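Heads up: the structure comes next, in structure tokens.
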Amino acid sequence: MKLPNGPKSPALIQMLQWIFRPMPFMEDCAKRYGDIFTLQLNPPIVFVSNPQALQQILTSDTKEFEAPNDWNTVFEPMLGKNSVITVSGEVHRRQRQLLMPPFHGDRMRTYGQVINDVTEQVISQWQIDKSFCVRSAMQIITMRVIMQAVFGLYEGSRAQELEELLAIMLNETSPLRVIELYFPALQKDFGPRSSWGRFLRRKQRVHQLLNEEIQERRENPDPSRTDILSLLMAARDEAGEGMTDAELRDELMTLLTAGHETTATALTWALYWIHKLPSVQQKLLQELDSLGDRPDPSSVFKSPYLNAVYSEALRIYPVGMLTFPRVVKTPVSLCGHDLEPGTVVLGSIYLTHQREDLYPQHQQFKPERFLERQFSPYEFLPFGGGARRCIGMAFAQYEMKVILAKILSSWDLALVDDGDVKPKRRGLVTGPNRSIQMVAKQQHQLSSRTLESSNI
Ligand code: HEM
């Protein structure tokens with residue numbers, strides 16, 4: 001089968017480049033081979049960064065293409081076999097249908113109070129002149145937000161243990177862990193001290209805690225609860241069937257992991273850029289101030305400059321560098337290449353967002369580009385698209401804006417070191433290549449920049 005051109009180096013070398021330096025590797029290939037190229041990643045995978053081709057793939061990924069689970073097995077050890085991410089076809093369509101309602105845009109107001117309160121709790125601990133790691137702080141906020149959105153007000157030893165175990169498991173992003181995920185033959189339990197053995201034991205405990213929670217709720221149903229788990233337990237498919245316990249457990253794992261790590265990283269980048277570029281910070285503060293004494297979070301959500309900053313942060317270094325794989329179902333022509341059924345295709349979100357023809361001076365952080373023109377969903381696609389478009393998109397958008405506004409309204413912060421920070425692989429997503437430290441300079445008391453929680 002003739003595939004688009006790509007590097008000729010041995011497959012193992014390409015795999016190692018892909019694991020250790022995915023972004024420079026993709027950039028080198030795009031310079032050399034253009035909008036579409038093939039990497040030998042066992043199997044060969046076609047990378048695409050042309051918006052028309054992305055549109056073709058993502059608008060027909062249940063027709064000429066499919067979005068199967070075969071290539072998402074790297075997520076299986078963490079999320080299980082029943083996660084929306086690791087199933088495909090009809091089962092995937094059903095799982096999405098059951099999962100989507102709690103994530104519809106109109107439900108976001110329900111989560112506003114939680115987001116505001118959790119952020120307030122965490123940032124009220126910051127001390128003047130004391131530095132802190134931005135990513136860790138954002139991770140604490142987003143983990144608590146998703147825990148409370150999923151379980152409702154959630155306190156006590158089970159909640160605490162769950163939060164701690166998930167945080168440890170998600171922070172294990174060493175190259176060894178990535179290699180283990182890509183090479184299932186290495187996933188061997190050599191006892192509690194071995195890397196995989198530790199992972200398995202933690203996962204077993206997390207499953208136990210989630211199963212206990214599900215059982216407790218099955219035994220004491222409370223129809224007045226509106227948290228995500230309650231909605232998922234009440235959801236029914238077209239045949240009137242609900243989710244099984246195993247499905248619920250794996251979907252909880254999916255939402256708790258997909259739902260906080262990504263947003264924490266995106267917030268970290270946004271805070272980095274806002275404080276690295278004084279003109280951006282000034283404009284943003286002006287906009288937030290102009291919203292009045294007690295701005296309604298829905299006005300915060302609609303603020304144009306905040307939206308531009310948020311978008312540019314996800315544009316320049318997208319947390320998810322790729323869409324999930326799509327596979328050719330019936331012969332298609334993509335960017336002039338005839339692809340046969342079975343060909344695996346990945347949308348490179350990273351390369352698309354780096355296109356100079358779409359984003360002039362693409363290496364610069366310029367929120368204004370989002371005010372000057374509109375980008376199509378295939379030119380700007382931090383949440384992917386089509387049959388597997390991010391379920392948490394509206395949630396993440398709302399959450400990030402409310403958290404950013406709350407932090408900027410409450411504190412004057414500064415970067416400890418404003419040197420350059422670049423993206424690097426963090427497990428299966430990307431993040432900053434070094435710790436970003438910030439220091440709190442001044443706290444605003446109830447001032448014009450205070451978000452009104454009662455209006456949420
Ligand atoms: C800034 C934050 C986030 C980013 C950048 C992000 C990005 C992505 C991307 C790129 C995909 C793949 C889409 C595709 O293949 O077309 C995805 C899928 C997914 N995301 Fe997110 N995400 C974020 C936050 C969240 C949140 C908050 C949740 C849930 C609470 C979530 C849940 C999911 C799920 C379940 C899928 C898989 C959907 C499927 O397979 O059908 N994500 N996300």
Side-chain angles (χ1 to χ4, degrees), residues 48 54-55 57-59 61-62 65-69 71-72 75-76 78-80 82-89 91-100 102-104 107-108 111 115 138-139 141-143 145-150 227-229 231-232 250-270 310-311 313-327 344-350 352-353 377-378 380-401 403-404 423 426 428-431:
V48 180
L54 287 167
Q55 178 165 14
I57 298 165
L58 296 173
T59 52
D61 59 356
T62 50
F65 294 84
E66 54 190 340
N69 57 353
W71 311 101
N72 295 354
F75 295 96
E76 228 174 74
M78 185 72 184
L79 307 180
N82 307 287
S83 156
V84 68
I85 292 181
T86 57
V87 292
S88 62
V91 184
H92 174 248
R93 199 193 59 77
R94 171 184 178 268
Q95 288 294 96
R96 266 184 87 91
Q97 192 197 4
L98 292 170
L99 274 177
M100 289 298 286
F103 293 99
H104 275 158
R107 264 193 61 86
M108 290 310 120
Y111 306 121
I115 300 170
M138 294 307 110
Q139 227 172 346
I141 297 177
T142 57
M143 171 66 104
V145 165
I146 191 71
M147 289 279 283
Q148 293 205 17
V150 166
D227 53 72
I228 294 175
L229 176 55
L231 297 182
L232 296 184
D250 290 355
E251 296 305 10
L252 288 178
M253 279 302 271
T254 305
L255 298 179
L256 294 173
T257 51
H260 93 284
E261 158 98 5
T262 41
T263 321
T265 304
L267 279 165
T268 306
W269 281 124
Y310 146 90
S311 305
L314 281 172
R315 195 274 309 166
I316 192 163
Y317 299 145
V319 181
M321 41 183 173
L322 304 164
T323 66
F324 287 124
R326 308 303 202 259
V327 175
V344 186
V345 180
L346 278 177
S348 175
I349 298 173
Y350 177 74
T352 310
H353 287 188
Y378 309 101
F380 177 62
L381 66 164
F383 297 97
R388 284 196 184 268
R389 193 183 77 176
C390 178
I391 282 178
M393 183 174 91
F395 188 88
Q397 278 174 340
Y398 193 83
E399 182 184 13
M400 280 182 65
K401 290 182 188 179
I403 295 175
L404 283 175
R426 261 188 70 88
L428 298 173
V429 289
T430 68

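Counting convention: from 1, in listed order, for ligands and their atoms alike. In what follows, residues are counted from 1 in the order of the sequence shown. No experiment lies behind these values; they were computed from the predicted model shown.
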A side-chain contact here means heavy atoms from C-beta on lying under 4.5 Å apart; do Thr352 and Leu54 qualify? yes
Within-4.5 Å side-chain heavy-atom neighbours: Leu99 and Leu255: yes
At under 4.0 Å between heavy atoms, is it the side chain or the backbone of Thr265 that contacts ligand 1, or both, or neither? neither
Which bit of Ile146 gets closer than 4.0 Å to ligand 1, counting heavy atoms only: side chain, backbone, both or neither? side chain
Could you identify the single nearest non-hydrogen protein atom to [atom] and state the distance to 0.1 Å?
| atom | result |
| --- | --- |
| atom 35 (C) of ligand 1 | Val84 CG1, 3.6 Å |
| atom 37 (C) of ligand 1 | Ile85 CG1, 3.4 Å |
| atom 40 (O) of ligand 1 | Arg388 NH1, 2.8 Å |

Taking atom 21 (Fe) of ligand 1 as the center, what protein N, O or S atoms are found at less than 2.8 Å? Cys390 SG
Hey, which atoms in ligand 1 end up nearer than 4.0 Å to a heavy atom of [X]?
| X | value |
| --- | --- |
| Ile349 | 10 (C) |
| Arg96 | 38 (C), 39 (C), 41 (O) |
| Phe103 | 30 (C) |

Polar-atom distance check: [X] versus ligand 1, any N or O pair below 3.5 Å?
| X | answer |
| --- | --- |
| His92 | yes |
| Thr263 | no |
| Pro382 | no |
| Phe324 | yes |

Residue list, side chain to side chain contact (heavy atoms under 4.5 Å, CB included) with Ala258, at least two apart or on another chain: none
Listed partners of Thr62 passing side chain to side chain contact (heavy atoms under 4.5 Å, CB included), at least two apart: Ala387
Sequence neighbours excluded, the answer for side-chain hydrogen bond (donor to acceptor under 3.5 Å, both in side chains) partners of Gln95 is Glu251
To the nearest 0.5 Å, atom CE of Met253 lies from atom CG of Leu79 at 6.5 Å
Work out whether the distance between some heavy atom of [X] and some atom of ligand 1 is less than 4.0 Å.
| X | answer |
| --- | --- |
| Arg326 | yes |
| Leu381 | no |
| Gly386 | no |

Would you call the rings of Phe75 and Phe324 parallel, tilted or perpendicular, taking 30° and 60° as the class edges? perpendicular
Is the number of heavy atoms from other residues, nucleotides or ligands within 6.0 Å of CZ (Arg389) greater than 12? no
Ignoring hydrogens and angles, tell me if any N or O in the side chain of [X] forms a donor-acceptor pair with the backbone of [Y] under 3.5 Å.
| X | Y | answer |
| --- | --- | --- |
| His353 | Arg315 | yes |
| Thr86 | Glu76 | no |
| Thr430 | Val319 | yes |

Applying side chain to side chain contact (heavy atoms under 4.5 Å, CB included) to Ile403 and Ile115, what does each step give before you reach the verdict? CA-CA 7 Å; Ile403 295 175; Ile115 300 170; 3.6 Å; yes
Less than 3.5 Å apart, any donor N or O on the side chain of Asn69 or Ser88 sitting next to an acceptor on the other? yes
